[in-house]
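One structure is given below, encoded as structure tokens.
Lettering follows sequence order; numbering is per chain, from 1.
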Amino acid sequence: MKILLSWLKDYIDIQETPEKIAEALNMAGLEVEEVIQPGKNLDQIVVGKILSRDPHPDADKLSLCSVDVNRGQPLQIVCGASNMKAGDKVPVAMIGAKLPGGFEISRAKIRGVESFGMMCSKKELGLSEDHGGLYILDDKASIGENIVKALDLDDVVFDISITPNRGDALSHLGIARELSAIFNLPLHRNPLGDEEGDDNVDNHISVEIEDTDHCPRYGARVVHGIKVGPSPDWLKDRLEKIGLRSINNVVDITNYIMLDIGHPMHAFDLNKIEGNSIIVRNARKDEKIMTLDNVEHPLDSTMLVIADAKKPVALAGVMGGLHSSVTEQTTSVMLEAAFFNPTTVRKTAKRLGMMSDSSYRFERGTNIDNVPIALNEAARLLRQIAGGRPVKGIVDCYPKPEILRQIRVRTKRANRVIGINLTPAQIETFLLRLKLDTRRDGEDLIVSVPPYRHDLELEADIIEEIARMYGYNNIPETLPAITSVLQLPTPLQKICTRLRDHMVSCGFNEIMTYSFIPANINESFREKKPLMLQNPLSEELSAMRTSLKWGMYDALRRNILNDEFNLRLFEIGRVFHPAAGGLSEEYTRLSLGFSGSVNSRDWRRNGENFDLYVVKGIVENIAKLLGLKIKFAPGSYSLFHPTMQMELSAGKNHIGEFGQLHPEFIDNKKMPKCIYIVEIDLGKAAKAAEGCQRMQPIPDLPAIRRDLALLAPESVGNRDISKILTAEGKALLEDCYLFDVYQGKGIEPGFRSLAYSLTFRDLRKTLTDEEIQPLIDKMIGRLDRELSVKLR
Amino acid sequence: MSESHDKLLQQYHSERKAAKDTAGLEALRVKYLGKKGEVTELLKGLGKLAPEERKSVGAAINELKNAIQSSIEESMREMALKEQNEKLNAERPDYSLPGLYHSSGSLHPVVQVAREVADIFLSMGFFMAEGPEIEEEYYNFEALNVPSHHPARDMQDTFYIESGQVLRTQTSPVQIRTMEALKPPLKMIGLGKVFRKDSDITHSPMFNQMEGLVVGENISMADLKGTLVMFVENMFGKRPHRFRPSYFPFTEPSAEMDIQCIFCEGKGCKVCKNTGWMEVLGCGMVNPKVFDAVKYDTEKYTGFAFGMGIDRIAMLRYGINDIRLLFSSDVRFLRQF
Ligand SMILES: [Zn+2]
């Protein structure tokens, strides 16, 4: 909201600098986003009159002008613009002037001709973005006068962002009231108003309110003899300085009053109000209205309208209807000032997707006492500048006058909440500066809340006012003298922390992708029908992810298209599944993504690409880290290569899966064939994780190691062989692991060589080779019989 | 020792000095002390001497033998050490080759900053709480004193799920859930993703917030200030700060905290829009209406709450100019952290 310093001075004699005022407003909670001082950097720029304009002798596009700046000899100025002629008055930057952009004017030779200054456009003066040639000034401007004076730029505009609770501050009066409290200055009131007139308003209009919850007060006043036309300069000027377009004197007056005292108004063409009656009521089914912006809106019964005897003529508090609006032909107007229920206005505005300066203020709460004040002030201005003849009196429909809210504030409570030590008298002084009337009741204060302070409902709200006036920065800094209840991190929180550190030290880059993903992704990336957003930002961000795989795929793919082929990525995040009763369930997942070489930057072992076994090893390490006993089984996910994939389970629960991306999803030449994705549910993993194991004693008796090199048909797996080795090794086999797999030269086609290392130990006595040999013989016998696996 | 012994010893020493390696020293040992060595021969000649001479000459020869023996042993040790050093020094690695097992893993910058922020509060005795990202409207709004059809809803443009639930617009619902579950005194922080319908270089439809809540008897605004000043000084270093009144429906009084701009030290720059200040967090005393919603005794307990955008702090900390980079998964970006 833009506020004009000179306008504030109607209400308050404030002499502080604009910077000081802005600072004070900021520290009172009214955030000044910008202080606009158009005249600030225009020191040596004056009004000049072009005496002659001739072509530059050496350049087609330049002109040579002689300019009178009322300082002796006219100046010779070379100029590149073309919209001026002799006789025009323009702003002239004198030698030594510094333009707002930082450019300093000096004596210059342009294409061989000397130039003693510069004629300026609006843009060069920092007054607008418009670069349409020189700024041709009004002929009334006096030659040689400083441009700041000539253009009346010596004003300051504050752009203030008002929080939604402070509807009372949405006007010049509101800001002045705040400043009067901050600087402890008197506030001059009021608009003069004009209560005079002939006849009686009841002869011209009647008002009826159907439901006073929606509209507690509605006031109307009638003015005849209007001549609609342009507004006088002072009015135009004030509106334009704060960025409002002047429309005509009648509309400008209603806008002016809104910006002045914060009360939105509307002017109807009285002759278009059928039956000379106004009914404030809910719209009826099938009613429609064409509003001022030329849009027709179908209405429904939740919307509040202002109607005449036959039809809606305005959307209450939001916008007037086109039919009854003031036009050049209008001679009689009915002025409206009302108090509409904030929620009612908001609902109507939201439903129609409309927001106006009026609805904005009504939604935040206006001053119900301002209804007659606004009407009388508008009548006064209409008489003064539009030839209006007000009819005497106001139709003021206000069936249940508001009673001022009273709030009890306990001094002790205020001090306790703020952490200071004020006396009731000090508090009273602060509140009086804010125009909050108080009455003492022992140590307590009873505060009467003025009708414009809708934000003051509870004791806490008054305590905020006290703290604000005391100054937040004067409150001491202490530490809470409490000890919190103890809440340790959950197992899930703990494993998330451990995993993040683990993945990073394993060379993974952590990614964070959006929780919402495209709705039209391939089914293979989904686990469930996703929850959909009602109002997504775009189709691309419209479905809640049911798994992390799409985000990981997208991340891998986009990096690869950036020529980053060797990737290991991880993400820890939530996925969302629909649950019974239209609700949702959230699961925390880990996803890993792999592409390219395992050790791309390793000059000794760079040949190895990610494959099922490398990825499985990484998954096994994670299981070890989390204390998980994971079972691996072949998987059947359509996202993955039909055989190059595995499912993970812990106990009886499925906890995840991984595999090589199915070639169907390799949709770009740059993408390597071997892309792997892993996903593990961390909540389930945390549940399945085993607690601390008991220590096993370190054996003091020696072990016997034996290596077995076996020749096995290709169809025989490690698992089958290991099973037999473990079974026959009985209690003496302490450890058994595969240390080599070989196929190729020296091995018959259809076969492969598998080498196992076996460790035997008896915890009670020293083993001998003689005790081991029968076990090994049995192993070899069974391997041969059951699997046709032979010793090499 | 006789003159001839002296001569022999001198001869030995000159030969020892000439020896080039351990093999040369070994040859010398054989020459003097071996079975047919010169000293051994002298010992063998003892028998020919008269018995009264034998004792003194024998002692002299033994002295000679010991002198040569210990000298040879010492020289051997020195020589062996020298030879080993020569061998070791002959091994020449290429110091410029990069190390193996190269890893360029990285924690997401937002996670790094969140950890930093959390560590400060955890050290102050706070605990970490969590809540769902898809929230009931009640927890995200009503319980936090934001009724429907209230203009405060305009402060946060909300995503709705078709079921009518919302994507939480703030982590504040975690406060409500925590208070429903626990009795005061409590000091908690909540961290998580939040969602608002907004997207440009400073706004992302998903971002990360850290929320804090302290409830107990006699908790005051002074406590709020002290706690947050301690946080800010540990996070950004000791620098001027200020608290400005503001508005959040769930706190009353409400404030925003600014610190002196970390880029221009208060002189004014583009980042701080020439104000010299940077807003870092919003805070306030818990509105009694919020305590009512969780059935806390508003007479007995007071409390304060605060919230901050972790992404924004990460952007300030690392000089990241576009928030969308954080969610781009681009390794050229991620590997820098
Ligand atoms: Zn700065």
Cation-pi check, R166(A) to Y247(B): give yes when NZ or CZ is under 6.0 Å from the six-membered ring centre and within 45° of the ring axis, no otherwise. no
Counting heavy-atom pairs under 4.5 Å with chain B, which one of L531(A), T163(A), T343(A), L537(A) comes out on top? L537(A)
Determine, for E571(A) against R545(A), whether the closest basic-nitrogen to carboxylate-oxygen distance falls under 4.0 angstrom. yes
Cation over ring, R242(B) on Y472(A), under 6.0 Å and within 45°? no
When heavy-atom pairs shorter than 4.5 Å are enumerated against chain B, which of G551(A), A555(A), P476(A), A481(A) gives the highest number? P476(A)
Under 4.5 Å, heavy atom to heavy atom, which residues of residues 509-516 of chain A contact chain B? N509(A), E510(A), I511(A), M512(A), T513(A), Y514(A), S515(A), F516(A)
I need the residue from I463(A), T490(A), N26(A), N562(A) with the largest number of non-hydrogen atom pairs under 4.5 Å to chain B. N562(A)
Can you tell me how the ring of F291(B) sits relative to the ring of Y296(B), calling it parallel under 30°, perpendicular over 60° and tilted otherwise? tilted
Proximity breakdown for V331(B) and chain A, heavy-atom pairs closer than 4.5 Å: both
Sequence neighbours excluded and cut-off under 3.5 Å, please list the side-chain donor-acceptor pairs for residues 248-255 of chain B, or say none.
unit_1	atom_1	unit_2	atom_2	d
T251(B)	OG1	S254(B)	OG	2.7
S254(B)	OG	F248(B)	N	3.3
S254(B)	OG	F248(B)	O	3.4
S254(B)	OG	T251(B)	O	2.7

I'd like to know which of I420(A), N415(A), T497(A), L556(A) tops the heavy-atom pair count under 4.5 Å against chain B. T497(A)
So, for F121(B) and F231(B), is the gap between ring centers shorter than 6.0 Å? yes
Choice from A129(B), S199(B), G131(B), G99(B) maximising heavy atom contacts with chain A below 4.5 Å: G131(B)
Between R468(A), E585(A), M503(A), R413(A), which residue shows the highest count of heavy-atom pairs closer than 4.5 Å to chain B? R413(A)
Taking atom types as modelled and ignoring hydrogens, do the side chains of N566(A) and S595(A) form a donor-acceptor contact shorter than 3.5 angstrom? no
Selection from K183(B), K273(B), H241(B) maximising heavy-atom pairs under 4.5 Å formed with chain A: H241(B)
Are F337(B) and H108(B) close enough that their ring centers fall under 6.0 Å? no
Heaviest contributor of heavy-atom pairs below 4.5 Å to chain B, chosen from M552(A), R604(A), M27(A), is M27(A)
